[in-house]
Protein chains: 4
Amino acid sequence: MTEKSLEPKPPRRRRKEARPQELLAAALALFVEKGYAATHSDEVARRAGVSKGTLYLYYPSKDELFKAVVRATLSNLIAEAAQLAEQHQGTTAELLLQIGGIWWERIGSRPAAGLHRVLLAELPHFPELQRFYADEVVAPADQLFTRALQRGIDRGEFRPVPLDEACYALIAPLLLRALDNGTLWAPPSTMPPERLLATQIDILLRGIERRDGPAPEQAGRRGAA
Amino acid sequence: MTEKSLEPKPPRRRRKEARPQELLAAALALFVEKGYAATHSDEVARRAGVSKGTLYLYYPSKDELFKAVVRATLSNLIAEAAQLAEQHQGTTAELLLQIGGIWWERIGSRPAAGLHRVLLAELPHFPELQRFYADEVVAPADQLFTRALQRGIDRGEFRPVPLDEACYALIAPLLLRALDNGTLWAPPSTMPPERLLATQIDILLRGIERRDGPAPEQAGRRGAA
Amino acid sequence: MTEKSLEPKPPRRRRKEARPQELLAAALALFVEKGYAATHSDEVARRAGVSKGTLYLYYPSKDELFKAVVRATLSNLIAEAAQLAEQHQGTTAELLLQIGGIWWERIGSRPAAGLHRVLLAELPHFPELQRFYADEVVAPADQLFTRALQRGIDRGEFRPVPLDEACYALIAPLLLRALDNGTLWAPPSTMPPERLLATQIDILLRGIERRDGPAPEQAGRRGAA
Amino acid sequence: MTEKSLEPKPPRRRRKEARPQELLAAALALFVEKGYAATHSDEVARRAGVSKGTLYLYYPSKDELFKAVVRATLSNLIAEAAQLAEQHQGTTAELLLQIGGIWWERIGSRPAAGLHRVLLAELPHFPELQRFYADEVVAPADQLFTRALQRGIDRGEFRPVPLDEACYALIAPLLLRALDNGTLWAPPSTMPPERLLATQIDILLRGIERRDGPAPEQAGRRGAA
DNA sequence: GATGAATGAGCGTTCATTCAT
DNA sequence: TATGAATGAACGCTCATTCAT
C-alpha cells in the first residue's frame with residue numbers, strides 16, 4: 001500500500017518566478033471547488049506540484065493566500081469595462097449588451113465566477129478584502145451601469161426609471177449566474193450561454209426602454225415581437 | 001409511554017418535546033451567522049441551553065444537524081405559494097406580485113434568507129441535501145413561476161417570451177437578495193423592502209408584457225408611465 | 001511494533017478537581033528537565049496521564065501553562081519567610097541562618113530549584129511573568145535580607161557594610177545553587193546540603209560581623225596579615 | 001598570508017578565511033540574545049552576511065555551530081589566569097582581587113558572560129560540551145581559586161576555612177553576575193562594576209582572613225552581639 | 001435522559017537541512 | 001564556493017465526537 005518510499009521522489013525544480021501564479025491557480029481551483037475551510041494548505045501545495053513548506057515561502061498564511069487569490073482574480077477587470085463605456089458610440093442598449101459580454105468573457109465563463117460563491121461565504125471574515133471588493137469591484141461596476149442607464153434616459157432611449165432599482169434588476173441575473181452556477185437554481189440551458197445572457201438583458205431592456213416616442217429603431221432590434 | 005403524569009416530581013424532563021426545535025433554531029441562527037465550518041457544536045448546544053452531549057442525543061452528527069436545519073427551514077414553504085396560484089383570479093401580473101410578496105414574508109425577511117447563503121456554499125458537500133433542495137424547493141418554485149408566465153402569455157397579457165429566460169430574470173433579484181444581503185452587492189435602499197420588491201418585479205414585467213394589443217389595463221397598473 | 005491497537009485503552013477518568021495540579025506537576029518536571037522549548041505539549045499531557053486535548057481544557061496555551069507553573073511554584077513562599085522575620089527574637093545571624101534554612105526546604109531542595117534555571121532563560125520572553133517575579137519574589141526577598149542586615153548593624157552585631165553589596169554576597173551562593181545544581185559549577189558536596197548552606201552563610205557573616213573594637217582597621221584591613 | 005593585495009580582482013573569494021569567525025560572532029550574539037531554540041539558522045547567516053547554505057558549508061548542523069561557539073568563546077581564557085597566579089608575588093588577597101579583575105575583563109564585561117546563561121540551559125542536552133566545559137573551564141578555575149586559598153592559609157593570611165565552601169562563596173557572586181545580569185536578581189548598581197566586584201570580594205575575604213589572634217572566638221563567635 | 005470531561009485525528013505553520021544551479 | 005528555493009518532519013492547537021457518571 002505505502003509504496004511511497006519506493007518512488008524515486010521527483011526532482012526539485014527552481015522556478016521562483018512562476019511559483020506565485022502556479023500557487024494562485026491551484027488555490028483558486030481548490031477554493032472554488034471546496035470552499036475556504038475545506039481547502040487544506042497541503043492540498044494547494046500538492047496541486048501546484050510543490051511541498052507544503054514552499055507554499056508558505058510565498059504566502060505567509062492561508063488567509064493571505066486567499067486574499068491574494070481574490071485580488072489576482074478580480075484586479076483589472078473593471079477598468080477594461082469602464083474604458084469600453086467611455087469609447088462607446090452606438091445605442092445604449094448595445095453598450096449594455098457589450099458590457100454583459102465582457103463580463104461573461106472575463107468572469108462568468110471562468111473560474112472567477114466560482115470565486116464569487118466563496119466570497120459570498122467568506123467576505124464577512126475578511127474585512128480588508130471586503131473593503132477591496134467594495135472599492136475595486138462593486139463601486140466601479142455600479143457606476144458603470146448607472147451611468148449607462150442615465151445616458152439612455154438622457155438620450156431618450158429609456159423611460160425615466162429609478163436608477164438604483166433598474167441597475168439591480170440588470171445586475172442580478174449576471175451576478176446570480178456567477179454565484180450559483182446550478183447549485184441553488186439551474187439557469188436555463190436551452191441556448192449557448194452568451195445568447196442566454198443577451199436574451200435576459202434584452203428582456204430587461206424591454207422593461208425600461210421608452211415606447212411611445214422616437215425610439216422605433218429599437219423596436220426593430222428583434223422584430224418587435 | 002412512561003407513567004410521567006403519575007409521578008409527583010417531573011424535575012427535569014419537561015420540554016423534552018421542544019428540544020429538537022430549540023436545537024434547530026439555535027443551529028439555524030449560528031449557521032447563518034457564521035457559516036457551516038465556523039459553527040461549533042458546543043456553541044449550538046450552549047445557545048439552545050443544553051450541553052454538548054445532549055445535542056448529540058438528538059442529532060448524531062454535525063452533518064445531520066445541518067440537514068435537519070435545512071429541511072425544517074424550507075419545508076412546507078412552497079406548498080403555500082402553489083395553493084395561492086391555484087386560487088388566483090385577477091391579472092397574472094398581480095399574481096406574480098403576490099407570489100413575490102409571499103416569498104418576501106416567508107423567506108426574504110427571515111432567517112431562512114441567510115440560510116441560502118450557507119446552502120450555496122455547502123450544498124455540493126451534501127448530495128442528499130442537494131437532491132432535497134432540487135426536488136422540494138427549486139422544482140415547485142420553478143413550476144410556479146413558469147405556469148404563471150405561461151398563463152399570462154395564454155391570456156394575452158404577456159408577449160410570448162422564452163419561458164426559461166424570463167423565469168430566471170424574474171427570480172434572480174429575489175434570490176440574490178436572499179443570498180447576498182449587502183455582502184457582494186448592496187441592493188438599492190431608497191425605499192422600504194416590500195416596495196422595492198414590487199418596483200423590481202414591475203420593471204421586469206414591463207419587459208415581457210404585451211404592448212400593442214389589448215392589454216392597456218396593465219399600463220394602468222401604475223399610471224401608464 | 002505498533003501494538004497500540006491491541007492495548008485495551010485505559011478508561012477515561014473524571015477528575016476535574018485534581019487535574020490542574022497533576023498537569024502542573026507534570027509540566028514543572030518536564031520544563032525543569034528539558035527546558036521550555038524542548039517540552040512538548042503532548043509529553044506534558046502523557047506524563048499527567050491524559051490526552052493532549054485535556055491539557056488544553058485546563059490551560060489555553062503552552063505559554064499560559066508555563067506561567068501557571070511558575071506562579072504555582074513560587075507563590076506564598078516569600079510570605080512565610082517574611083512572617084518568620086517579624087517574629088524572630090534571637091541573634092540576627094541566627095535569623096539569617098533560619099531564612100536560609102527555609103529557602104533550602106522550600107526551594108533549594110525541591111523541583112522549584114530547577115525552575116529557576118528555566119526562568120533565567122525564559123523570563124525575557126514573558127514580560128508578564130517577569131513582572132510577577134520581580135514583584136512577588138525578588139522584591140520581598142530583597143527586603144527581607146536588607147532589613148535583617150540593617151537590624152544587625154543597628155544592634156551592633158555587624159559592621160556598617162554597604163547594604164546592597166552585602167545582600168548580593170549573601171544571596172549569590174543560594175541563588176546560584178538553585179540555578180545551577182552542578183551544571184556549570186559543581187557545588188562542594190563533602191557535607192550534607194543543609195550543613196553546607198550554614199557553612200557558607202557562616203563564612204559570609206564573618207565578613208560582616210562587628211569585631212570587638214569600633215572597626216578602625218577598616219582602612220588598613222589587609223595590612224594586618 | 002595570501003597574495004591578496006596583488007590580485008586585481010578579488011571577486012568573491014575574499015574573506016574566505018574570516019568566514020568561520022564571522023559566523024561564530026553572529027551566532028554568539030544571537031544565542032546570547034535569544035537563546036538556543038529561538039535562534040534560527042537563517043538569522044545567523046543573515047547577520048554574518050552570508051546565505052543559509054553557506055552556514056551549513058562551515059558547520060554541519062545547529063548543534064555543531066553551538067558547540068563551536070562555546071569552544072571558541074571559552075578557550076584560552078583560563079590559561080591566562082593560571083599564568084598570572086604562578087607569577088604572583090604579593091598578598092594572596094591581592095591575587096584573588098587580580099583574578100577577579102581578569103575574569104571581569106575577559107568574561108564578565110563581554111558577550112561571553114551572556115553565553116553562560118545559555119550554557120546553563122543547554123549544557124544537559126550537549127554531553128560532549130558538558131565534558132568540555134567541566135575539563136577546560138571549571139576544573140582549571142576551581143584549581144586556581146583553591147590553590148590561591150590554600151596558599152593564603154599556608155602563609156597564615158587566612159583562617160583554615162573549608163576550601164570547597166570558601167571557594168564556592170568566592171565564585172558565586174562572580175558567576176551569578178555572568179549568568180543573570182538583572183534577569184532574576186538585580187545586582188547592586190551604586191558603584192561602577194569593577195569597584196563593585198572588589199567590594200564583594202572584599203566582604204568575602206573578611207570572612208576568611210585570619211585575625212590577629214589564633215581565632216579562638218570561632219567557638220563563641222556569635223556571642224559577641 | 002442529561003451532562004461535560006476526555007479523546008485524538010487533523011490542521012496551519014515553522015524551521016533545520018538539502019541540493020540543483 | 002556560494003546560493004536560496006525547496007523540503008517535510010514535527011509542533012501547538014482545535015473541535016467533532018464519545019462515554020462514565
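Numbered from 1 within each chain, the chains take letters A, B, ... in sequence-line order.
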### Query
Which residue, B:Ala37 or A:Val50, contacts DNA chain F at a nucleotide closer to its 5' end, judged by nearest heavy atom?
A:Val50
#### Entry: First of B:Pro60 and A:Arg19 reached from the 5' end of DNA chain F, by closest nucleotide
A:Arg19
### Query
CG/C:Asp42 to CG/C:Leu55 distance, rounded to the nearest 0.5 angstrom?
9.5 Å
Atom pair distance, as rounded to whole Å: [atom1] in [X] and [atom2] in [N]:
X	N	atom1	atom2	answer
A:Glu43	E:dT13	CD	C1'	17 Å
D:Arg46	F:dG4	CZ	P	11 Å
B:Asp63	F:dC15	CG	C1'	14 Å
A:Phe66	E:dC11	CZ	P	19 Å
A:His40	E:dA9	NE2	P	16 Å
C:Tyr36	F:dC11	OH	P	14 Å
A:Leu57	E:dT17	CG	C1'	14 Å
D:Asp42	E:dA16	CG	P	7 Å

### Task
Apply the test side-chain hydrogen bond (donor to acceptor under 3.5 Å, both in side chains) to residues C:Arg19 and C:Thr54: give CA-CA distance (whole Å), side-chain angles for both, the deciding distance (0.1 Å), then the verdict.
CA-CA 9 Å; C:Arg19 281 284 139 77; C:Thr54 301; 5.6 Å; no
Short side-chain N/O contact to [N] OP1/OP2 from [X], under 4.0 Å:
X	N	value
C:Thr54	E:dT7	yes
B:Ser41	F:dC15	no
B:Tyr58	E:dG1	no
C:Ser51	E:dT7	yes

Evaluate the side-chain proximity of [Y] to [X]: yes if any heavy-atom separation is below 4.5 Å, no if none is.
X	Y	answer
A:Phe132	A:Ser75	yes
A:Tyr133	A:Phe126	no
D:Val32	D:Leu28	yes

#### Entry: Sugar-phosphate, base or nothing in reach of B:Lys52, heavy atoms under 4.0 Å
base
### Message
For a quick check of understanding: with a heavy-atom distance under 4.0 Å over all strands, which category does D:Tyr59 fall into, base, sugar-phosphate or nothing?
### Response
nothing
### 5'-most by nearest nucleotide on DNA chain E - A:Thr39 or D:Tyr56
A:Thr39
### Message
Need to verify one output field. Residue with the more 5' nearest nucleotide on DNA chain E, C:Leu55 or A:Lys62?
### Response
C:Leu55
Look only at the side chain of [X] and the backbone of [Y], and say whether a donor-acceptor pair between them is shorter than 3.5 Å.
X	Y	value
C:Arg117	D:Leu120	yes
C:Lys34	D:His125	no
B:Thr39	B:Leu30	yes

### Summary
Read 5' to 3' with Watson-Crick or G-U pairs under 3.5 Å, [ ] for crossing pairs and | for partners on another strand, DNA chain E gives .||||||||||||||||||||
